[in-house]
Structures are given as structure tokens and as C-alpha cells.
Student: 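This is the structure I have questions about; it appears just below.
Computed from heavy atoms alone, side chains included, the values below leave out hydrogens, waters and symmetry copies. Quick note on labels: first sequence line is chain A, next is B, and so on, each numbered from 1.
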Amino acid sequence: MNSIATLLALTSLFLLGSSRLSLAINMVAFQGFLIGILPLVSGHGFTLEVLILAATGIIMKSIALPHMLRKALEKSGTKREVEPYISFGASILSGILLLFVSGWIVSRLTQDEGIVSSSLIAGFFLLFTGLFTIITRKKALTQALGFLVLENGVYTAGLSLGSEFSFMVELGILLDVFVGIFLMGIMLFHIDNEFDHIDTDRFDALSDLELPDLELLNGNVLNLDQELDEEEGAE
Amino acid sequence: MDLFLSAVVAIFVGGIIALFTGKWRGVSNFFGAFSCFLGTIFALKPIYDVLIANKTLEAITIALPICSASVSLDKISAFFALPIVILGFISAYFAAVTVNPRNEQHPGAYWFFYNLLIAGMLSLVASSNAVLFIMSWEIMSVAAYFLIAHRDEMNTARNAAWQFLVASHIGTTGIFFLFAILASAAGGFQFETFHSSALAEGSAAVIFFLALFGFGVKVGFFPLHIWMPDSYTFADSHVSAVLSGAMSKMGFYGLIRVLTFLPVHAELWGWVLLFGGLITGIYALVIALVKLDLKKVISYSSMENAGIILMAIGTGILANRWNQPLIAFTAFSGALLHIFNHALCKGLLFLCAGSVYFATGTRRQEQMGGIGKSMPVTATAFGIASIAISGLPPFNNFISEFLIFMSGLKAASLSTPKSLLLSAAVLLGLGLIGGLAAALFTRSFGLVFLGTPRTNRRLNTKNIKSDVNFTLIILSAAIIAASIFAPMLISPFAGVVSEIVKPLGITYDPAYIATISAPVKIISLFSLAVILITCIAVFIKSKFLDKNQRSDAPTWDCGFLKGTPRIQYTSSSFSEPANEVFVSVNRLHIRGEKIKELFPAKSSFHTEATDSAEKHLFIPAFNIINKFLIMFRGFQHGKLHLYIFYIAVTLLALLIWKVVY
Amino acid sequence: MNITSIIFIIVSFLAAPILPGLINKTKALFGGRQGPRVLQLYYDIFKLARKTPTYSKTASALTRIAPVAIAVSTLAALTLVPSFFNNSAIHFTGDIILMAYLLGLGRFFMVTAALDRGSAFEGMGASREVLYSALAEPSFFAGLLIMIHETASLELSEIFSKLSLNFWQENPAILFLILCSWFVILLVENARIPIDDPNTHLELTMIHEVMILDYGAKDLALIEYASALKLWIYSALIVGMVINGEIITSLTMQIAIFTLGMAIVAFVIGTIESITARIKLVFIPKFIVGSGALAIIALILKVAGN
């Protein structure tokens, strides 16, 4: 359990630091595999449900979704992530900081037994890492990967809290992830088609919010008596 | 009460049907107008029951999401429903007749908002619950916004509507706070609980001033009036009639309602209303004298009359404080009668202006002239309305101003210096206001309908819609009737006055009604006599004495070589003596070329003035606010990453907060 | 409505045109001339009444109606004037307001009819007239305020009868101030020098005369008569204010003293017209407001004195 949690944390840090997109996808696939075998080692036994859960997790997170994302990557023809808002080195340092933060939160949260703290820490850490990736990366693909990591974190945290209904919850989460990434894959394709790039930082050009004209308040245009002539022309 | 509610619902439903049948213009027109007619006529019966037959109607309870609201019609509500009903009917007729099925772009939307406005106002006066009140107030304001912006292809209408919306909502915040304070003190939203709740000492003053602010915006209290002239000018004329005749009265309704919630009225409030009203009235006329647009002038006159009414209410409050019930009774009766009379006059003025606008295509008085010969009905109606609005006998506004004068005069016979100050303010103020109003309306009447046309703009006689003359005749007849039958109006209105002061614990001696009816009866007889004798004398003169008159010569022009219509007085030249006297208030800006040579070939001269309050008070204030708010503009950049960052930070902060505490 | 008031109305109706004649005679006296007859205005009115009017093409029905309306409103105002120091024909609380505004109605018709004929001159007179009358109203009411404060009554006849000679004797300053104030109002409202010159038709001096420039024949007769009647009303107000008729018992004495008072007023007007010149047009608003200020000063004196 602890080792898996450590491995998860390491893969996330790797994701934060790497700029090669195909490597990132592979990392996330590996992370998916780890998440997939987590129920098996978490001490719930080898019941049928657990087996199905593990199998579904491995198939989806380790094989299917990364495959889809690789396909989208090939189609778009990009190879590397562009310089993110927070540089790669700083990202890794931030990752370590986030690890400390999640550790602190979990230590404040847990005083009871029955909760495996290391995987809970891993869960929070994956969550924060996922969010961090979404916020700081510019390519849509990396953001999709960040979303996947986010969901992994939620899954892990849920699993480590060890409730009775976690099976259903986990399946629900899996469904959610599947649909989300599926849609994102489609979106990536269409975005690339339309804009010829998948740089999300350039999307603010789509906003059409305008500043109001300050001149309007200087009393000139508001003297509407002068508008009479213009208006009468319209009649 | 069922009848009243069903009237409101009928009007609203008619508007919806009109909206959906917008494609078939005639059908839409029919549904919108007809539902308005039906609704207003149905609403008359409950009003009559409450005001004249002195019945009390059962309240109906409606379930709202927040609370359950009750709807009832007491005397005050019934009184204020009168202008809505009368003007709603007449304006709907005007609209139905002038909405040309071929040209009108959105008759469906138009009728929807018009009916929504009328229904909103009717439900406003009937609500006895704060939540329902504010809901109706908002509905009324938004419907009015859409009506003002109806001609949205014109920049001026859009600007005016925007100004209206902003001002209206600034006022509505005041009303929100007001009701919040009242509701928290009373523990509920019903008006009945407000009456009996115990308010803290200072909060009564806060409530009053919030009410004065919030409702003062609607009424046109200086300096909250700046939205009013533009909104009334650039809306369609029949809409302006409803807005200034009915919607602005809703401001008075709100103010009087709030006064009934407060158990004690401080003397300061009376002084504030008195002098505030005085300043409002005089300022309105001084600025109106500078303006050239016919409807803008009429709008400023609305503000002036609002000032008069506020003065009367202030006098009433002061008199109540000084234990002078007769003076208070006279003042309040005068205020109520003036509200009613003014609604009639203002409606007529705006409808006439609308008729003129259709015929000439312009609102500038400088470009009109001589219309009276082609539009005799409109000219007569406008003349009657002008005499009435200047507060001259034999028409109705004189009677209500007479009552207000009376309260001022009676105060003069008390010996205290304060009552003398009140009396001086009322007498001198009303005298000046009346004189300036007469100046204003002689100018408008004379320039528009008399003389010769001032430009080559030919009067398009095809555009004269004589179908609307019916509305003008009805309103003129109403004005004359209100003047001749004024004593009959006093008794029901006295009932309303009694209800206004009941929460103060004051009851008025029923003999007061007779006391103030006595002079009013004589004045009404005088009015009737003057009208009849003048008509008879004119008839005799024209039939028998002017038999051989000649009317073929041009006006004597003192030997001008080529006297043109342009030598006639224009509107700025007519008010030039007055403008010079008040130049410090209206800040007239004059530009021109000085004449340097002996025989100048060409010269120019230009005067202009904006509303001083707008230019020197609000525009600088809004500029400062704008500069401050620009700083926050940086948040709306469109960058996806930062948006997600905001979300993440918020969630993290919440998590940490939850964890730490 | 009793015999006295009916007699008063008939006498005023008949005698009003004498006042301008007296004023003109006074001015002639100062100028060392013979001057026109005292009854000249009667002759003028009868001459005009026989003629047929000629109207301009621009004039509308208003020009035909206005003279009648002016005359009717002035006559209506006459019924509210105290008759020979007794009650007016019609009296009720606040009748002074009605009287002032009936005269205002006449002014409204005068001004709008002036704009009816499309002439630049009449517009000039109209624009000045509306301003000066707007400023004169508050001044008039200011003087009224003092009288109401003193007598605590609201009917004009009652006010005048309660203003005892004692009061004037004790407060000569107040009497002087109110008298000046109301006298100025009389000069303003009736278009006398120093506000307007009734003899000339020059642009700079015209206010009232110019508004009636285009009337002729019967219309002019009506308007000249109405102007004389208006002067009579204002003079009667001043006479009634100064002289308290309660001490005079018999009707004939009242009529005599009233006539004497009116003659004195006419003489004073004529004197003022002869010895002063017209003040500059831009000073007239200040002049009018100044007269109102005099009344306010009197009010303050009175309040301070109590």
C-alpha cells in the first residue's frame, strides 16, 4: 500500500516535470495501472467485486484512455509541451510543496483508525497535481491528462477512506472519467481542426467583452438635444 | 377584490396573447388594447366601492416563494389606482389607433410590456406585503424600461432607457433597505405588522430618508430627477403619458405608505419635504425655460408639480406636528387633489404632444408654428391643458393649488415664527412656481400652435391622425368636469386623508370637509360661470358683432422689406428675459461671434444648456466611480487558466479553513 | 351679495375708464399742458366699438376669443374686490387667491394671443410680460402675508376691515413698506412708468402696449376697458388697505372717501410717471424682487416687534 502510494506520487512528480507529451501519456498509463491494482492490495480481499473493479480500472485507465489520447496526439502532430506558465523546474518544486500541504491536511483530518493515511495523502496529492497541471499547462492534451490525474486522486482518496459503498462509488467515478476523457478526446480533435493548434492560452481571444466608452460620460453625447436632428433624419 | 385581481390578470394575459400573436399585427393590437380596456373598466368598480361607497374589501392571500402575501385595496390604494386606470385606458386607445399595422415593428412585444406596466402598477397599489410590493415595483420599472427603449433604432431612446434603468435601480436599493429595516423590526412582511411594530428611535428617520430617496427618484425630487426629462421625451407619447401621469404617482404612493408605517413624524421631515419640494419646483421651471424640445418641457413640468405635491405633504406633516388639524387636512387634501388633477393634465399634454409629433415629425418648438389652424381639436385641448397646468382658474389644477395656498394662508394666521416661515415658503414659492409655469406654457402653446410655420417644413396633413382626437376630447372634458364638480371629489379624498393620518392617532373632524368644501364650491361656480359667459360672449360677438370683419391682411411688420416667418419669436428668445435672471442656476452657455464691422455679412450665435444637476453633480460623481471600478476590469480577461486557478484556490482555501477550525 | 356691493360693481363698471384720464391730466399738469379730457377713454372706447375689425391672415380663433376672455376674467375679479370698505360681492376664505389668479388668466390670454399673430414685436412684449408677472406674484403675496398675520383672517374684505387705523399709527414703517411694495406691484401689473411707458410704441419700452398692437375696433375697445378696470381693481386694493372703512358709517361717506382715495392714487401714479423715467430693462426684475424684499422686511419688523 505504502509503496503504491509512493509510486503514485513519483509518477505525478514526473508528469509535472516532463515536457515530452508521449512520455507523459505513458506515465499516466502506468499510474492508471497502479490505481487499477490498488483495490487488490488494499486489504478488501479478493472477492469478485474487487476483481471486476481492478480489471475495469486497469483496462480503462491504463489501456483505453491513454490509447485514445495517443491517437489524438498523433493526429494533432504536436510533440512537446510548450513552456508552461510555471516552468518545469518550478513545477517540480511546487509539486513537492503540494505534497507537504496534502500531508499536513491529512494529518489534521485523520485521528481515527481505519484510514490508511499514506494512500490518502497520495489521493490528495494526485488531486492537487491534477489541478495544478490543468492550471499551468497550455496544451489541451496536457490538461486532459491533468483531469485524468485529478480523477485518479479522487478514486484513491475514496478507496483509502474505506467505506462500505466504495465499490459503487468507485465504479461511478470510473464512468465519470471515461465519459470525460472521451469527450475531451473528441474536443481536442475538433479544436485542432478549427484553430490549427491546441494552445488553450490563446482562447481568450474568443472573449468579446468590451470596455464601455468613457467618452460617453463627459456630457457631450448625453446632451440629447443635439440628437434631435439625427433622430429626425431617421423619421 | 376578486374583480380587481381578475382585472390585473386579464390585462397581463392579454399582453401575453398579444406577444404570441405578434406576427398578425391587427390581432395582436386588438388583444393588447382590448384586454387593457376590459381590465381598467373592471378595476373601476372596486375603486368606486372603496372610495365612494366606503366598503371594505376582503383581502386575498397569494402564496409566494418567500412568504404568503395578501392583496387588498384600502382607500389610499384605491385613490392611487385611479390615475393608473384612467390613463391606462386612454393611452391604450391612443396606442391602438396610432400603431400603424404596416409600420409598427413589434406590436406584440409592445403590447406585452404596456400591459405588463399597467398590471404591475395595479398590483403595486394593491399589495399589502413588502415582498409583493418590491416585485411589482421591479416589474413596473422593467416594463417601463422596455417601453422607453421601444424605438431602439434611435440612439437617443436607448440612452434614455439606460439612464432610466440605472436611476430606477439606484432608487430600488433604497426601497429594499427600507423594507428590510421595517421587516426585521416587525418580524414579517405584511404591512399590517409594520403598523404595530416598535421601531427604534433613529430607525424611523432612516426609514423616512430611505423612502424619500427611493421614491424620490421615481417622483423627480431634486437632484434625483435627471433621468426623467430624457425618458419622458424619447418614449412614445402615450407611454410618456402613462409614465408621468401614473408611474410617477407610484412614487407618491410609496412615500405616503411609508409615512403610514411610522407612528411619529418628525418635524424635520416636514421641513425637508417643504423646502425640497420648493427647490424641485423652481429648479424644474428654470431649466425648462432653457429647453427647446416640446416633450422635454412637459417633462420638467411634471417635476415641478411633483415639487408642489411634496410641499403640500410637508406642510401637512408640519401642521400635524403643531397640532393644527385643519391646516393639515387642507394641505393633504390639496396634495391628493393635485395628484389626481395633475395626472389628467399631464396625460392630456403628452397626448397632444404626440399628436403634434405625428403631424410634424419634430419635437422642436422652434420649427413649429401655426399648427392650430390645421389641428383645431389638438390646439384647443393643449390650450385647456396649458391653462390648467399653470394653475389658472377656471380649470382643475387651480382648485388643488388653492387648497395648498389655503393651508399656507391659515398657517400665517398663527403667531409662531415657524408657521410664518412655512406660510412664506408656501405662498411665495407657489406664487413664483405658478408664474413661471404660466411663462413656460404660454411659450409652448404659442410657439407650436399659433403664428406661422417657422420653417419650410411642410405640415404633412396626411399624418394628422384625427382618430386620436377622441382621447383628447375625453381628457379635456375630464379636466373641465374635475373643476366644476370639484366639491364632489373632496369628500372621497377626505376619506383617504383620514386613512393616511390614522396611524398617527389623529382623527379629523368631519366638519372639516364642509369647511374646505365651502370655498371650493364657490370657486367651481366661478369656473362654470367664467367658462359659460366667455363662450356665450364669444358666440354673440362672432355672430352679431364681427359680421363684416376682414381677415386678409398680413401682420403689420413695421416696414420690414421682407418679413418672413423667421422674425417671430423663437422659444429661446421668448424665455431670454427669464433665463437671464436665473443664469446662475441654468448655466446657460452662450457662443457667438462678436460683430466687428459696420455691415457684418455673416454671424452666428448659439446657446445651450444641459441640466445643471446632471452636468455638475452626477457626471463627475459617476466618472469617479468609473475610474475606481476600472481597476476591477482586470478580472474579466477570458483566460481559461486563471479561471480554473480561481476555482482551485477557492476550494483549497475552503479546505484549509475547514481543516484548521 | 347686497346692495352696497351691487352699487360698487355698477360704479366700478362705469367709472373705471376715468382713472387713466385722471392720470393723464396729472401728467399734463406737470408738463404745463392742457392734456386730453378726463373722459377721453370713454370717447375712445365708443369710437372703437363702432368700427369693424381687420384681422391678420395669421391670426386664428384665439385672437377673436382673447379680448372677451380678458374682459370676462377682469370683471370676475371685480366681484371679489371689497366694495367701498365693506364686504365684496362674493367673499369667502382665500378669495384673494382667486382674484390674483383670475387676473392671471387674463394675462395668459393676452400673452398667447400676442403670439398668435406671428409678429416679432408682440412676442417681445409677451416674453417680458411673463417674466415680470411671475416675479410680481410672490411680491404681492409677501405683502398679503403681513396683513394675514396681523388680522388672522383669510377673507380679503375681513382683512381690510380689521386693519385698523391704530395699527397703522403704531407701525408707520410697516405701512410705508407695504404701501411701497404694493404700489410697485400696481405699476408693474398695469404697465406704468417706470416699468413700461403707456404712451410710446418703441421697442425698448414696450411691454403691455405692444401686445395689443394688432387689435382694432371692438377688440381694442374691450382690451382698453379691461386694462382700465384692472387699474381700478389694484387702486381699490390700495385704498382699501390704507383706509379702514369700519369707522365710517354712512354709505355716502364711504363712497366719497373711496372716490377721494382713488383720485389720490391716480394723482400719485401720474406724479410718478411724470418725475421718473423708465428704468433700464435689465433692472426691472431686480426692481420687482426689491419690492418683494420690502414686504419681507416689513414682515420681519412685525415679527420682531411682537
Student: Taking the six-membered ring where the residue is Trp, are the ring centres of C:Y101 and B:F402 under 6.0 Å apart?
Tutor: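 So the answer is no for these two rings.
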
Student: Answer yes or no: is there a side-chain heavy-atom contact under 4.5 Å between B:F441 and C:T112?
Tutor: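 With C-beta onward as the side chain, the pair stays apart.
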
Student: Considering only heavy atoms, which portion of B:E576 lies under 4.5 Å from any heavy atom of chain C: side chain, backbone, both, or neither?
Tutor: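 B:E576 has no heavy atom closer than 4.5 Å to chain C.
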
Student: How many angstroms lie between OG1 in B:T534 and CD1 in C:I70, if you round to the nearest 0.5 Å?
Tutor: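 Going from the OG1 atom of B:T534 to the CD1 atom of C:I70 covers 11.0 Å.
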
Student: For C:I146, is it the side chain, the backbone, both or neither that has a heavy atom under 4.5 Å from a heavy atom of chain B?
Tutor: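 For C:I146, neither part sits under 4.5 Å from chain B.
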
Student: Using heavy-atom distances under 4.5 Å, tell me whether C:I90 contacts chain B through its side chain, its backbone, both, or neither.
Tutor: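 For C:I90, the contact with chain B is made by the side chain alone.
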
Student: Fit a plane to each ring of C:F108 and B:F445, take the angle between them on a 0 to 90° scale, and name the class: parallel (under 30°), tilted (30 to 60°) or perpendicular (over 60°).
Tutor: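 Answer is parallel, since the angle falls under 30°.
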
Student: Considering non-hydrogen atoms only, spot the tightest contact between B:K541 and C:R64 and give its length.
Tutor: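 Closest approach of B:K541 to C:R64, heavy atoms only: NZ-O, 3.3 Å.
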
Student: Where the side chain of C:H149 meets the backbone of B:A412, is there a donor-acceptor pair that is under 3.5 Å apart?
Tutor: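 Here the side-chain-to-backbone pair exists.
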
Student: Nearest 0.5 Å please: distance from the CE atom of B:M406 over to the CG atom of C:L154.
Tutor: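 Output value for this atom pair is 5.5 Å.
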
Student: Where on C:D214 is there a heavy atom nearer than 4.5 Å to chain B: the side chain, the backbone, both, or neither?
Tutor: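 The side chain, not the backbone.
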
Student: Hey, which of C:V130, C:L115, C:I284 has the most heavy atom pairs under 4.5 Å with chain B?
Tutor: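 The candidate making the most pairs under 4.5 Å is C:L115.
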
Student: What do the steps show when you test C:L98 against B:F398 for side-chain contact (heavy atoms from CB on, under 4.5 Å), and what is the final call?
Tutor: CA-CA 9 Å; C:L98 181 62; B:F398 171 68; 3.3 Å; yes

Student: Which distance, rounded to the nearest 0.5 Å, do you find between the CZ of C:R128 and the CZ of B:F574?
Tutor: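 Between C:R128 CZ and B:F574 CZ, I get 12.0 Å after rounding to 0.5 Å.
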
Student: Check whether C:L105 gets within reach of chain B through its side chain, its backbone, both or neither, counting any heavy atom under 4.5 Å.
Tutor: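 Both parts, backbone and side chain.
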
Student: If you round to the nearest 0.5 Å, how far is CD1 of C:I148 from OG of B:S423?
Tutor: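 Spacing of OG (B:S423) from CD1 (C:I148) equals 6.5 Å.
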
Student: Shorter than 4.5 Å, heavy atoms on both sides: which option in B:L432, B:T442, B:I533 has the most such pairs with chain C?
Tutor: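 Heavy-atom pair counts peak at B:T442.
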
Student: Using non-hydrogen atoms only, which part of B:I433 is less than 4.5 Å away from chain C: side chain, backbone, both, or neither?
Tutor: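 Interface part for B:I433: neither.
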
Student: Would you mind checking which part of C:L102 comes under 4.5 Å of any heavy atom in chain B, side chain (CB onward), backbone (N, CA, C, O), both or neither?
Tutor: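 Both backbone and side chain.
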
Student: Checking heavy atoms, do the side chain of C:S60, its backbone, both or neither come under 4.5 Å from chain B?
Tutor: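 Both parts, backbone and side chain.
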
Student: Need one label for C:T79: side chain, backbone, both or neither, based on atoms under 4.5 Å from any heavy atom in chain B.
Tutor: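 Side chain of C:T79 only, per the 4.5 Å heavy-atom cut-off to chain B.
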
Student: Looking at B:K373 and C:T58, would you say the former's side chain and the latter's main chain have a donor-acceptor pair under 3.5 Å?
Tutor: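 Looks like yes, one N/O pair under 3.5 Å.
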
Student: At a heavy-atom separation under 4.5 Å, does B:I516 approach chain C through its side chain, its backbone, both, or neither?
Tutor: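 The answer is neither part of B:I516.
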
Student: Looking at B:E580, B:R443, B:K410, which has the largest count of heavy-atom pairs under 4.5 Å with chain C?
Tutor: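 So the answer, after comparing B:E580, B:R443, B:K410, is B:K410.
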
Student: Nearest 0.5 Å, what's the CG-OG1 distance between B:L409 and C:T93?
Tutor: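 Interatomic distance, B:L409 CG to C:T93 OG1, rounded to 0.5 Å: 9.5 Å.
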
Student: Of the listed residues (C:S127, C:A142, C:A61, C:P138), which shares the most heavy-atom pairs with chain B below a 4.5 Å separation?
Tutor: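 So the answer, after comparing C:S127, C:A142, C:A61, C:P138, is C:S127.
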
Student: Given heavy-atom pairs under 4.5 angstrom as the criterion, report whether the side chain, backbone, both or neither of C:V289 touches chain B.
Tutor: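 The answer is neither part of C:V289.
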
Student: Out of B:T515, B:L440, B:V530, return the one with the most heavy atom pairs under 4.5 angstrom to chain C.
Tutor: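 Option with the top pair count is B:V530.
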
Student: Just do the side-chain contact (heavy atoms from CB on, under 4.5 Å) check on C:I296 and B:L428 with the steps written out, would you?
Tutor: CA-CA 11 Å; C:I296 301 284; B:L428 303 184; 3.8 Å; yes

Student: Is B:S573 close to chain C through its backbone or its side chain, or both, or neither, when contacts mean heavy atoms under 4.5 Å?
Tutor: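 Backbone only.
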
Student: Please examine the side chains of B:L392 and C:F109, heavy atoms only from C-beta on, and report whether any two atoms are closer than 4.5 Å.
Tutor: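 When only atoms from C-beta onward are counted, B:L392 and C:F109 do not touch, as no gap falls below 4.5 Å.
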
Student: Looking only at heavy atoms, which two atoms of B:S413 and C:A152 are closest? And how far apart?
Tutor: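 Distance-wise, the nearest heavy atoms are CB-CA, 3.6 Å.
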
Student: Less than 4.5 Å to any heavy atom of chain B: does that hold for the side chain of C:A59, its backbone, both, or neither?
Tutor: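 Backbone only.
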
Student: Checking heavy atoms, do the side chain of C:L75, its backbone, both or neither come under 4.5 Å from chain B?
Tutor: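 Contact with chain B involves no heavy atom of C:L75 at all.
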
Student: Contact part of C:L131 toward chain B, heavy-atom cut-off under 4.5 Å: side chain, backbone, both or neither?
Tutor: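 Side chain of C:L131 only, per the 4.5 Å heavy-atom cut-off to chain B.
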
Student: Counting only heavy atoms closer than 4.5 Å, note whether B:A518 contacts chain C via side chain, backbone, both or neither.
Tutor: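 Neither the backbone nor the side chain of B:A518 comes within 4.5 Å of chain C.
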
Student: How many angstroms lie between CG in C:L80 and CD1 in B:I522, if you round to the nearest 0.5 Å?
Tutor: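 If we round to the nearest 0.5 Å, C:L80:CG and B:I522:CD1 are 9.5 Å apart.
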
